[in-house]
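Below is one structure, written out as structure tokens, with a few remarks after it.
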Amino acid sequence: MDGTKEMGLRNVSSTCSISEMDDYDLSRLLDKPRLNIERQRSFDERSLSELSIGLTRGSYDNYETTHSPGGRSGFDTPASSARNSFEPHPMVAEAWEALRRSLVHFRGQPVGTIAAYDHASEEVLNYDQVFVRDFVPSALAFLMNGEPEIVKNFLLKTLQLQGWEKRIDRFKLGEGAMPASFKVLHDPVRKTDTIIADFGESAIGRVAPVDSGFWWIILLRAYTKSTGDLSLAETPECQKGMRLILTLCLSEGFDTFPTLLCADGCSMIDRRMGIYGYPIEIQALFFMALRCALSMLKHDAEGKECIERIVKRLHALSYHMRNYFWLDFQQLNDIYRYKTEEYSHTAVNKFNVIPDSIPDWVFDFMPTRGGYFIGNVSPARMDFRWFCLGNCIAILSSLATPEQSMAIMDLIEARWDELVGEMPLKIAYPAIESHEWKIVTGCDPKNTRWSYHNGGSWPVLLWLLTAACIKTGRPQIARRAIDLAETRLLKDSWPEYYDGTLGRFIGKQARKYQTWSIAGYLVAKMMLEDPSHLGMISLEEDKQMKPLIKRSSSWNC
């Protein structure tokens, strides 16, 4: 049966305002009784008291299988944990108040949080909308605080929007595309609610989000892991939603790489920043979404076919990323000595990268101990920039091997001033400047050097850093970053981003009371307090995907 008909959805253009959205009830898909969490032993093999609190290196593998119940002692703030000597900071309560103020309701039910609650801003633009990627840290905060209903409502509402027919300038988008954002309009006279979704047709640059579908799958798994409730993920609608998203990405074409070809502006870096091709953020999210879907798809006729394609892609993708995107001192030295114009399958320099294209800054930036996944790899082009989100997701999804995960942490510690500075955390490093900035960004006045996506510091990334630190047994790094954030975030009214080489200045166009800055802080605090929460957003290493990575011996002569 057609999934649209099953859910009672209309096929409409995304440019239309949809009033009354049928008589759809968010609870309609959940007629199944909530499963008893005690039955879900796969989520709770051990009691939380059995978890190791020491968090030594290499002790993180068990968090992925841990059920995170999200119980809390109070309504506004997480409980303190004496065992971790962790007391709530005074700004935690302020953060919860600000987060709840950003809630959006549709027909009386909370369905998300707006991007920013900045009444002082002259231009609202789309900051009053619910963004899929922006809502993820908010969702994790609510899950950790024992409030899963809003997350369930959000997952169902965005799944319903996926069923819309999506047309932009007479061109039809893929059936599985998820919206970048949606807005709820309330009519107090008619007492009706209207939803308007944006699939890219209203976005700056008119770029559809590639990452929305990946974040949706990742959040569905987080909800399942947090609550122990399998019934949502098992609904035919969610199963079909996952398959539709993955069908867009797993389709066969002319590409010879297992990575996903993307346009500029298709992710968190939603403006032109030279990340076209195979950006690390999308590849890491793609990998994580594939693994999350693999754990939730049913082994029925349709699911089995999708699962087989996922497994094949995961093996190829992990090998490709771990070999060609990874950079450490040894690999940098190998690239520095590359020969060019090599032909045949025996070529060492497979992408024909010209050594002279290596930027000067990377030689000083690369420590002898440490490494990271570079920003992009494509024919004759390697983007050596550091991108925070992609590297953190690589750790959480186990795209990075345990050794590579430790190396990323070593790099962050070794280059603390450059990547963290005075306000966590640099979205990208280094900034693009001068003539290169004009060419790459199209003279974008918002992405000037060390601002916004061009080397700006984004507090929301704090939760990703904290999760990566806990998984690698380095919580002290996260605590140091959180301490930095607490000196200014509340005082500065939770800005969207900071500017400058050290992140000292509030972003020149940054919105205040940016919701994911608030939620990112809360998630980092709660995760550090109770590391078992890591289980909802972390995946253990799949030993079957671990390739034998060999260094080239061509230059050892």
Side-chain angles (χ1 to χ4, degrees), residues 14-21 26 94-139 141-142 150-151 153-158 160-161 164 178-209 211-212 215-216 219 265 267-268 270-271 446 452-453 458-460 489 492-497 506-522:
S14 62
T15 59
C16 297
S17 299
I18 307 305
S19 180
E20 291 298 313
M21 294 267 315
L26 290 174
E94 297 274 359
W96 273 110
E97 182 181 343
L99 181 60
R100 297 190 192 286
R101 203 162 52 230
S102 70
L103 282 170
V104 173
H105 292 79
F106 179 77
R107 295 186 176 174
Q109 295 177 302
V111 292
T113 51
I114 59 173
Y117 196 80
D118 187 359
H119 289 306
S121 176
E122 295 179 0
E123 289 185 292
V124 175
L125 295 177
N126 53 0
Y127 283 83
D128 61 346
Q129 297 185 24
V130 180
F131 281 80
V132 173
R133 78 173 67 97
D134 289 41
F135 180 67
V136 171
S138 295
F142 286 120
I150 180 177
V151 182
N153 292 343
F154 171 85
L155 289 167
L156 289 171
K157 181 53 61 182
T158 46
Q160 184 190 17
L161 297 176
W164 288 12
M178 281 286 184
S181 64
F182 65 87
K183 183 174 183 177
V184 177
L185 299 176
H186 303 285
D187 187 335
V189 177
R190 297 182 179 180
K191 296 182 179 179
T192 58
D193 288 345
T194 303
I195 278 192
I196 302 175
D198 177 14
F199 291 90
E201 74 273 21
S202 299
I204 294 175
R206 300 303 189 264
V207 178
D211 60 343
S212 287
W215 279 122
W216 187 89
L219 186 56
S267 59
M268 178 183 174
D270 57 8
R271 284 174 177 248
K446 197 167 185 178
Y452 202 48
H453 299 310
W458 292 69
V460 64
L489 267 183
D492 295 340
S493 303
W494 310 98
E496 179 183 13
Y497 62 93
I506 298 175
K508 59 184 176 182
Q509 295 188 44
R511 293 300 193 277
K512 299 292 186 70
Y513 292 97
Q514 185 78 16
T515 303
W516 68 354
S517 295
I518 297 164
Y521 166 74
L522 287 172

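Along the sequence shown, residues are numbered consecutively beginning with 1. This structure is a prediction, so every number in the text was calculated from the model and none was measured.
Nearest heavy-atom pair, G112 versus V130, reported as atom, atom and distance to 0.1 Å: CA-CG1, 3.9 Å. Summarising the geometry of I114 relative to Y127, their closest heavy-atom pair is CB-O, 3.9 Å, with the distance given to 0.1 Å. The minimum heavy-atom distance linking K183 with Q129 is given by the pair CB-CG, 3.7 Å. Residues P110 and L103 share a closest heavy-atom pair of CB-CD2, 4.4 Å. Between P179 and P209, the shortest heavy-atom contact is C-CG, 4.1 Å. Residues A141 and L99 approach most closely at CB-CD2, 4.1 Å, considering heavy atoms.
With hydrogens and angles left out, the side-chain atoms of T158 and W216 include a donor and acceptor closer than 3.5 Å. Between the side chains of D270 and H453, at least one donor N or O lies within less than 3.5 Å of an accepting N or O.
Between D134 atom CG and S517 atom OG the span is 9.5 Å, to the nearest 0.5 Å. Rounding to the nearest 0.5 Å places CZ of R100 at 13.5 Å from OG1 of T515. The distance from the CG atom of L185 to the CG atom of D128 is 8.5 Å, given to the nearest 0.5 Å. Within the model, atoms OH of Y521 and CH2 of W494 stand 6.0 Å from one another, a figure rounded to the nearest 0.5 Å. To the nearest 0.5 Å, atom OG1 of residue T113 and atom CD1 of residue I150 are 6.5 Å apart. Atom OG of S202 sits about 11.5 Å away from atom CG of L125, to the nearest 0.5 Å.
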| message | Between R271 and I204, is the side chain to side chain contact (heavy atoms under 4.5 Å, CB included) condition met? List the steps. | response | CA-CA 7 Å; R271 284 174 177 248; I204 294 175; 3.5 Å; yes

| What's the verdict on side chain to side chain contact (heavy atoms under 4.5 Å, CB included) for V132 and F154, showing C-alpha distance, side-chain angles and the deciding distance? | CA-CA 9 Å; V132 173; F154 171 85; 4.2 Å; yes

| request: Please test L219 against L155 for side chain to side chain contact (heavy atoms under 4.5 Å, CB included), starting from the C-alpha separation and ending with a verdict. | output: CA-CA 8 Å; L219 186 56; L155 289 167; 4.1 Å; yes

| task | Please assess F131 against N126 for the test side chain to side chain contact (heavy atoms under 4.5 Å, CB included), listing each intermediate value before the final yes or no. | result | CA-CA 9 Å; F131 281 80; N126 53 0; 3.3 Å; yes

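Legend: residues meeting salt bridge (Lys or Arg N to Asp or Glu O under 4.0 Å) with D492, ordered by chain and number and at least two apart, are R488. Looking at residues two or more places apart in sequence or on another chain, you find a ring-ring contact (aromatic ring centres under 6.0 Å, His included) between Y497 and Y452, W458.
Contact of the L522 side chain with the S138 side chain is not registered, since no non-hydrogen atoms from C-beta on lie closer than 4.5 Å. Between V111 and H105, the closest side-chain pair of non-hydrogen atoms is not below 4.5 Å. Using a 4.5 Å heavy-atom threshold, the side chains of F182 and D198 count as separate. For the pair I506/K512, a side-chain contact is recorded, criterion being any heavy-atom separation below 4.5 Å from C-beta on. Between D187 and T194 the shortest side-chain heavy-atom distance does not fall below 4.5 Å. W215 has its side chain out of reach of M268: every pair of non-hydrogen atoms, C-beta onward, lies at least 4.5 Å apart. At a threshold of 4.5 Å between non-hydrogen side-chain atoms, the residues I195 and K157 count as touching.
When atom types are taken as modelled, the side chain of D118 and the backbone of R511 share no donor-acceptor pair closer than 3.5 angstrom.
Ion pairing between a basic and an acidic side chain is recognised when a charged N comes within 4.0 Å of a carboxylate O; D211 and R133 show such pairing.
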